[in-house]
Amino acid sequence: MKGATHLSAGIITGMIFTAATQQSEGLSATMIATCGIMALFPDIDKPSSTIGRRVPFFSIPASIAGHRTIFHAPTPYIALYLFLLFQFPSCFYWATAGLLGILSHLFLDMLNPAGIPLLFPFTTKRYRIAGFRSGGFADWVIGITMLSIIAIKIWM
């Protein structure tokens, strides 16, 4: 999926999370932004991606791992999430917002024919649930639909 689609999915995920946890308006805005930004993070391993172009000092070294390898596997993110919760229990909402943004990205990439290494590092087999190509018709429809939902929610 394209960066805009991932960003939109992260924002919607953040909106749902903050509504479900009944966060204050100010906190909701920053958590929604966190979710949206973190929805871009797995593509840090691709220097030409939306996030990769903005942080090449991190993206270029991360690209050594290869696209859709460790940065597209949920296991390292879940391990980091659990570590953060264990070490810093007060960061629950922030860590959860970040993880949900990342998971929204991984879910969308499972709609791509390339899939994601869902059980990495235990296996490198990639899993997918659809065959929508990045930048293809379905990507545009999903992205425009999510942007429309965001616009309607902001307007209401």
Side-chain angles (χ1 to χ4, degrees), residues 1-130 132 134 142-143 146-147 149-150 153-154:
M1 298 289 156
K2 304 300 265 173
T5 305
H6 285 303
L7 180 62
S8 300
I11 289 170
I12 288 176
T13 301
M15 293 166 82
I16 293 167
F17 173 64
T18 57
T21 57
Q22 299 178 342
Q23 300 296 317
S24 67
E25 195 170 299
L27 195 55
S28 288
T30 56
M31 284 197 182
I32 290 167
T34 298
C35 222
I37 291 166
M38 291 309 289
L40 297 172
F41 185 79
D43 281 338
I44 198 75
D45 60 7
K46 188 173 182 185
S48 63
S49 68
T50 301
I51 194 165
R53 288 190 311 270
R54 283 153 182 82
V55 288
F57 55 87
F58 188 75
S59 182
I60 292 169
S63 69
I64 293 168
H67 187 54
R68 291 191 187 224
T69 57
I70 191 167
F71 290 102
H72 278 77
T75 311
Y77 297 115
I78 292 169
L80 177 61
Y81 173 76
L82 293 173
F83 171 79
L84 287 172
L85 290 185
F86 180 73
Q87 291 296 316
F88 310 100
S90 62
C91 76
F92 171 78
Y93 291 111
W94 295 103
T96 304
L99 179 65
L100 289 174
I102 288 167
L103 292 178
S104 74
H105 181 112
L106 299 181
F107 173 75
L108 286 177
D109 277 0
M110 285 184 74
L111 299 177
N112 186 281
I116 64 166
L118 190 61
L119 302 174
F120 182 90
F122 310 108
T123 178
T124 57
K125 182 179 186 309
R126 293 181 180 205
Y127 294 85
R128 68 182 181 99
I129 53 178
F132 304 143
S134 294
I142 292 168
M146 286 191 288
L147 285 173
I149 291 168
I150 293 167
K153 179 65 178 158
I154 290 171

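Using a 4.5 Å cut-off on side-chain heavy atoms (C-beta onward), Ile102 and Pro42 make contact. Side-chain atoms of Asp43 and Thr50, non-hydrogen and from C-beta on, never get closer than 4.5 Å to each other. Looking at heavy atoms from C-beta onward, Pro47 lies out of side-chain contact with Pro56 at the 4.5 angstrom threshold. Residues Leu40 and His105 are not in side-chain contact: their nearest non-hydrogen atoms beyond the backbone lie 4.5 Å or more apart. The side-chain heavy atoms of Phe58 and Ile51, taken from C-beta on, include no pair separated by under 4.5 Å.
A donor-acceptor pair is defined here as one N or O able to donate and one able to accept, closer than 3.5 Å; such a pair exists between the side chain of Tyr77 and the backbone of Phe71. Panel note: side chain Thr69, backbone Ala65; a donor-acceptor pair is recorded below 3.5 Å. In this structure a side-chain-to-backbone donor-acceptor pair under 3.5 Å is missing from Thr34 to Gly98. Of the possible donor and acceptor atoms, one in the side chain of Arg126 sits under 3.5 Å from a partner among the backbone N and O of Arg68. Counting only distance, with no hydrogens or angles, the side chain of Asn112 and the backbone of Arg128 share no donor-acceptor pair below 3.5 Å.
Of the inter-residue distances, the one linking Leu80 atom CG with Thr75 atom OG1 reads 12.5 Å to the nearest 0.5 angstrom. Between the CD1 atom of Ile150 and the CE atom of Met15 there is a distance of 6.5 Å, given to the nearest 0.5 Å. The distance from atom CD1 of Ile116 to atom CD1 of Ile129, rounded to the nearest 0.5 Å, is 9.0 Å. Atom-to-atom distance recorded for Ile16:CD1 and Ile11:CD1 is 12.5 Å, nearest 0.5 angstrom. How far OG1 of Thr5 is from CE of Met146: 5.5 Å, rounded to the nearest 0.5 Å. The structure places CE of Met1 at 9.0 Å from CZ of Phe107, a figure rounded to the nearest 0.5 Å.
Aromatic ring pairs are classed by plane angle as parallel below 30°, tilted from 30° to 60° and perpendicular above 60°; the pair Tyr93 and Phe17 is tilted.
Here the closest non-hydrogen pair linking Thr124 and Pro117 is O-CB, 4.2 Å. Of all heavy-atom pairs between Gly66 and Asp45, the closest is O-OD2, 3.3 Å. The shortest heavy-atom contact between Cys35 and Ala97 is SG-O, 3.1 Å. Closest non-hydrogen pair, Ser8 versus Gly143, comes out as OG-O, 4.3 Å. Here the closest non-hydrogen pair linking Met31 and Trp94 is CG-CZ3, 3.8 Å. Among all heavy-atom pairs drawn from Tyr81 and Thr96, the shortest one is OH-OG1, 2.8 Å.
At most 12 heavy atoms of other shown residues, nucleotides or ligands fall within 6.0 angstrom of atom CD in Glu25. Summarising the local packing, CG of Leu118 is surrounded by more than 12 heavy atoms from other residues, nucleotides or ligands at distances under 6.0 Å.
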Residues Asp109, His6; criterion side chain to side chain contact (heavy atoms under 4.5 Å, CB included); working and verdict: CA-CA 9 Å; Asp109 277 0; His6 285 303; 3.2 Å; yes
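For Phe88, the side-chain contact (heavy atoms from CB on, under 4.5 Å) partners two or more places apart in sequence, or in a different chain, are Leu84, Cys91.
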